[in-house]
There are 2 protein chains.
Amino acid sequence: MDIAARLLAEHGPQALSTRRIAAEADSSTMTVYTHFGGMSGLVREMVREGFARLQERLTRVQATDDPVADMALLGRAYRLNALANPHLYAVMFGGSSLAGFSLSEEDRQHGRYTLANVAECADRCLTTGRFRPGDPILVAHQMWTAVHGLVTLELGGYLIPPYDADTCVEAQLIGLMVSAGDDYTAAATSVAKSLNRLDEI
Amino acid sequence: MDIAARLLAEHGPQALSTRRIAAEADSSTMTVYTHFGGMSGLVREMVREGFARLQERLTRVQATDDPVADMALLGRAYRLNALANPHLYAVMFGGSSLAGFSLSEEDRQHGRYTLANVAECADRCLTTGRFRPGDPILVAHQMWTAVHGLVTLELGGYLIPPYDADTCVEAQLIGLMVSAGDDYTAAATSVAKSLNRLDEI
DNA sequence: CAGTGTTGCATAACAGCGATATCTATTAAC
DNA sequence: GTTAATAGATATCGCTGTTATGCAACACTG
């Protein structure tokens, strides 16, 4: 797993081959089959690893008395995790394009479970009255999709040149909080506050 | 190109092989090389085709006196295009995971140009006072990332079960308009209005 | 018309891939 | 100590993209 993760991170997805892994591990291609049941099994395990890393990073943000700032920091953590593991992130969400590999429903459930942290934070935003009354799960879902879309486009190089990524992130986060019901100026200050807590994540 | 598009749409990305294309075309694998310079060239051409289809679909929405409803319909058109060409969509934005294939800066520019329709609509939303004053490009960008994220997760099967896709789209679109500065109830009615114009797209 | 250069495609081959069958050697259990 | 089981090495199969070679049809030129 360590070798596969390193190969993927350093040399991209095409370096993920049984022969290359075997060469790095000084063994034969059979090891991939005995331990993971094939290449797809190894990829599946790496997806799990990717979600584990993501969740570990999300749990780093601590709950403060400004839940909107916490939520913004969750968004930044999500993005930083993706930027730190770009290839792994691509495998996690662009998985269908890898030959013959498809996630099981259990894997997807595991992925969705990652949203629990965000939902908990959304609940705090709702109970403190910062967000418009609604379902915290649905709010968390909107947060996820928006940040996910931004990160996907950023990794794909589709960000519009005149604006750098940080500007887009800032605007996206503020817009998200406003869309959930927060006051615009309050959202702006909370998002700005989250910028000073980058050392947490 | 037609054969490749059909193979991709009907049998997924692993059916995109020089030999299979050659067999369907009753020719040899060399045709891919003489016409596209290799497999990556063909994929690049398919990405261009994908963006062309997307743009064609986006230009179908007509400008009315309710620009927010137009914007919502643009979002629905973006989603419907992705759902109609899921494999093509995956190649367009998950391209890095295909072996050794990377988009050129020109291709990316072509992709970003697709945003022009959305930016024009955002400008109308701004000038009519529905949206908070700001840069239409940045507003259009936020629209893009949010809808793109939603569609990506939907295609990946990551949507949260209790809510169906339509509910998420509805909530996401309303939230987007609110985040851009529109009034909540006005946004809700405009988004609902866009639901009656699905025959346009 | 004859010759010539160019282009398009078919054939064959090469290197690499995932996957499998077979066999060996090591380990675990009784 | 004997036996069963399992990890791993080797070789192989069918597949992939890619390239080199050669052949056939075409356009051009004297």
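These numbers come from the heavy atoms of this one structure, side chains and all, not from hydrogens, waters or symmetry mates. Worth saying up front: this structure is predicted, and the values here are computed from it rather than measured. Each chain gets a letter, A, B and so on, in the order the sequences are listed, and its residues count up from 1.
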Would you kindly give the [atom1]-to-[atom2] distance between [X] and [N], to the nearest whole Å?
{"X": "A:Gln14", "N": "D:dG17", "atom1": "CD", "atom2": "P", "value": "15 Å"}
{"X": "B:Arg20", "N": "D:dG17", "atom1": "CZ", "atom2": "C1'", "value": "16 Å"}
{"X": "A:Arg19", "N": "D:dT12", "atom1": "CZ", "atom2": "P", "value": "13 Å"}

Are B:Leu83 and B:Glu154 packed together at the side-chain level, in the sense that at least one heavy-atom pair is separated by less than 4.5 angstrom?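 Yes - at least one pair of side-chain heavy atoms lies under 4.5 Å apart.
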
Below 4.0 Å from chain A heavy atoms, what is the first contacting nucleotide of DNA chain C and what is the last?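 For DNA chain C, the relevant span reads C:dC17 to C:dA21.
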
Indicate, with yes or no, if the rings of A:Tyr113 and A:Phe51 have centres closer together than 6.0 Å.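 Between A:Tyr113 and A:Phe51, the centre distance exceeds or equals 6.0 Å.
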
Could you tell me if the ring centre of A:Tyr158 sits under 6.0 Å from that of B:His141?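 Ring centroids of A:Tyr158 and B:His141 are no less than 6.0 Å from each other.
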
Run the numbers on A:Phe36 and A:Thr31 for side-chain contact (heavy atoms from CB on, under 4.5 Å), then give the verdict. CA-CA 8 Å; A:Phe36 302 99; A:Thr31 58; over 6 Å; no

Which atom of A:Ala4 lies closest to which atom of A:Ile21, heavy atoms considered: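 The answer is CB-CD1, 4.2 Å.
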
Any idea which heavy atoms bring B:Gly50 and B:Leu88 closest together, and the distance?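 Looking at all heavy atoms of both residues, the closest pair is CA-CD2, 3.5 Å.
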
B:Trp144 versus B:Tyr78, side-chain donor and acceptor atoms under 3.5 Å: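 Side chains of B:Tyr78 and B:Trp144: pair found under 3.5 Å.
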
Could you check whether B:Arg53 and B:Asn85, counting side-chain N and O atoms only, form a donor-acceptor pair closer than 3.5 Å?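 Looking only at side-chain atoms, B:Arg53 and B:Asn85 do form a donor-acceptor pair, the distance falling under 3.5 Å.
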
Counting the atoms with a prime plus P, OP1 and OP2 as sugar-phosphate, which does B:Ser17 contact under 4.0 Å by heavy atoms, base, sugar-phosphate, or nothing?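 Here B:Ser17 touches the backbone only, sparing every base.
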
Do any of residues 28-39 of chain A sit with a heavy atom less than 4.0 Å from DNA chain C, and if so which?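 Contacting residues: A:Met30, A:Tyr33, A:Gly38, A:Met39.
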
